[in-house]
Amino acid sequence: QAGTAAHPGVLRAAPGVTMRSALKHWGAAAAVALLTTTAGAVDYSGPLFDAHLHYNVEAAQGPHPIPDVLARMQRNGVKAIVANSRPNDGTKALVEAKTQTDAAGVTVVPFIRLYRDRADYDNWYRDDTIYDMVQAEYARGTTRGPYKGIGEFHLYDSRNANGPVARRLMAFAEEKQLAVLAHVDDEAIDLLMANTPSRGQNVRLVWAHTGIGGAPLERVNALFAKYPLLMGELSYRPGLTCAGGLLCPEWRALLLRYPDRFMLGSDTWVNQRWLQYDSLMQGYRTWLGDLPPDVARKIAWSNGANLFGVK
């Protein structure tokens with residue numbers, strides 16, 4: 001969280017970012033982003049699509065029953081969510097709470113999570129029972145229709161993208177046109193994509209955090225250029241914002257370059273994130289307000305809505 005203090009009419013720049021470096025690495029779009037001032041910026045006020053939400057057992061059976069989490073979504077203008085939970089019972093509970101979700105104006109997009117418990121985090125990519133569980137859940141569907149994706153899953157060692165179950169699940173996702181929510185590094189993106197029949201050209205992979213380890217933006221840009229359906233989810237992304245909670249110039253340039261390829265998420269992986277839900281959504285609204293209105297609405301809402309057919 002660095003950079004000069006943001007005031008109306010004052011240029012914002014991350015440390016070491018100059019017009020010359022922006023032009024060198026990102027071209028005219030970065031130069032435009034760097035020259036943009038904060039004068040007149042107003043927080044984004046439209047609908048939000050939370051594309052990375054967990055309703056895990058600690059929340060569902062603890063301090064955050066369904067009325068609580070829906071109230072948090074409703075007061076923050078969250079109109080749709082990608083629900084993926086440990087275990088999948090949390091997602092099913094949200095789907096089955098139709099009267100409550102309808103009243104809150106929230107559409108639930110269900111994913112099949114690969115984790116029955118925390119032990120599965122480190123072993124799923126080679127555990128045949130995980131593959132069998134995904135097959136059974138997909139065949140069963142939900143009370144309100146089919147699942148729309150699989151994940152979130154983690155790979156703490158990118159080489160495990162070549163695990164036998166990881167390979168089979170990536171091929172399965174492409175075959176069934178399921179989105180994939182993957183918490184992985186940039187090397188694993190290439191490996192996962194290589195395990196699909198199209199070698200990544202026809203699979204809808206959502207890159208959780210767009211690289212939580214802070215993959216260089218040049219690398220992010222290269223992957224987006226290589227894989228036309230790759231999407232980036234922005235929770236926890238290092239280096240995204242600078243002073244005043246506004247976008248750092250290079251990130252602003254990247255979002256302007258790929259306005260149809262990014263989404264927002266809360267990543268409520270622990271109960272503390274539910275307590276922070278208001279501030280997380282407000283943080284998004286702040287930097288979205290620094291983008292052109294049409295780009296802001298795409299990232300906040302339309303990209304997720306179009307990907308999953310939400311009206």
Minimum heavy-atom separation for [X] to [Y], with atom names?
| X | Y | result |
| --- | --- | --- |
| N195 | A161 | ND2-O, 2.9 Å |
| I66 | A97 | CD1-CB, 3.9 Å |
| I150 | A173 | CD1-CB, 4.2 Å |
| P65 | G62 | CD-O, 4.2 Å |
| P259 | V295 | CB-CG1, 4.0 Å |
| L254 | V220 | CD2-CG1, 3.8 Å |

Looking at [X] and [Y], would you say the former's side chain and the latter's main chain have a donor-acceptor pair under 3.5 Å?
| X | Y | value |
| --- | --- | --- |
| T196 | R199 | yes |
| S85 | T91 | yes |
| D185 | G211 | no |
| N303 | K298 | yes |
| W124 | H154 | yes |
| R116 | P87 | no |
| R261 | L230 | yes |
| N84 | R113 | no |
| W207 | V184 | yes |
| N76 | V78 | no |

[X] [atom1] to [Y] [atom2] distance, which is reported to the nearest 0.5 Å:
| X | Y | atom1 | atom2 | result |
| --- | --- | --- | --- | --- |
| R273 | T268 | CZ | OG1 | 8.0 Å |
| I112 | K148 | CD1 | NZ | 12.0 Å |
| R285 | D290 | CZ | CG | 15.5 Å |
| D122 | L155 | CG | CG | 10.5 Å |
| W269 | N56 | CH2 | CG | 10.0 Å |
| D186 | R219 | CG | CZ | 4.5 Å |

Same apolar cluster: [X] and [Y], side chain cutoff 4.5 Å:
| X | Y | value |
| --- | --- | --- |
| L256 | M231 | yes |
| L191 | V165 | no |
| V57 | I130 | no |
| Y121 | I212 | no |
| V108 | Y138 | yes |

Is there a donor in the side chain of [X] and an acceptor in the side chain of [Y], or the other way round, less than 3.5 Å apart?
| X | Y | answer |
| --- | --- | --- |
| H209 | S235 | yes |
| Q282 | D43 | yes |
| E174 | S198 | yes |

Evaluate the side-chain proximity of [Y] to [X]: yes if any heavy-atom separation is below 4.5 Å, no if none is.
| X | Y | answer |
| --- | --- | --- |
| V180 | V206 | no |
| D267 | Y236 | yes |
| M193 | L205 | yes |
| T210 | F262 | yes |
| Y44 | I299 | no |

**Q.** Worked check of side-chain contact (heavy atoms from CB on, under 4.5 Å) between L229 and V203
**A.** CA-CA 6 Å; L229 301 183; V203 67; over 6 Å; no
Q: Please state whether the rings of W287 and Y284 are parallel, tilted or perpendicular, taking 30° and 60° as the class boundaries.
A: perpendicular
Check [Y] with [X], please: is the shortest side-chain N to carboxylate O separation under 4.0 Å?
| X | Y | result |
| --- | --- | --- |
| D68 | R72 | yes |
| R118 | E58 | yes |
| D190 | K226 | yes |
| D117 | R86 | no |

Q: Please step through side-chain contact (heavy atoms from CB on, under 4.5 Å) for the pair L234 and M263, ending with a clear verdict.
A: CA-CA 6 Å; L234 293 169; M263 298 184 289; over 6 Å; no
Are there over 12 heavy-atom neighbours, none belonging to [X], within less than 6.0 Å of that residue's [atom1]?
| X | atom1 | result |
| --- | --- | --- |
| R159 | CZ | no |
| Q135 | CD | yes |
| R144 | CZ | yes |

Q: Check step by step if ring-ring contact (aromatic ring centres under 6.0 Å, His included) holds for H64 and Y55.
A: CA-CA 9 Å; H64 300 292; Y55 192 44; 8.6 Å; no
Q) Going through the checks in order, is the side-chain contact (heavy atoms from CB on, under 4.5 Å) test met by Y125 and L114? A) CA-CA 9 Å; Y125 55 87; L114 308 190; over 6 Å; no
Q. Hey, does the Lys NZ or Arg CZ of R168 hover above the aromatic six-ring of Y131, less than 6.0 Å from the centre and inside 45° of the axis?
A. yes
Q. Should F111 and F153 be marked as a ring-ring contact (aromatic ring centres under 6.0 Å, His included) after you check the CA-CA gap, both sets of side-chain angles, and the distance that decides it?
A. CA-CA 11 Å; F111 273 35; F153 60 72; over 10 Å; no
Q.
Determine whether Y227 and I189 satisfy the following criterion, side-chain contact (heavy atoms from CB on, under 4.5 Å), listing intermediate values before the conclusion.
A. CA-CA 10 Å; Y227 304 114; I189 292 289; 4.1 Å; yes
(Q) I need the single residue from V109, V134, T142 that forms a side chain to side chain contact (heavy atoms under 4.5 Å, CB included) with Y147. Which is it? (A) T142
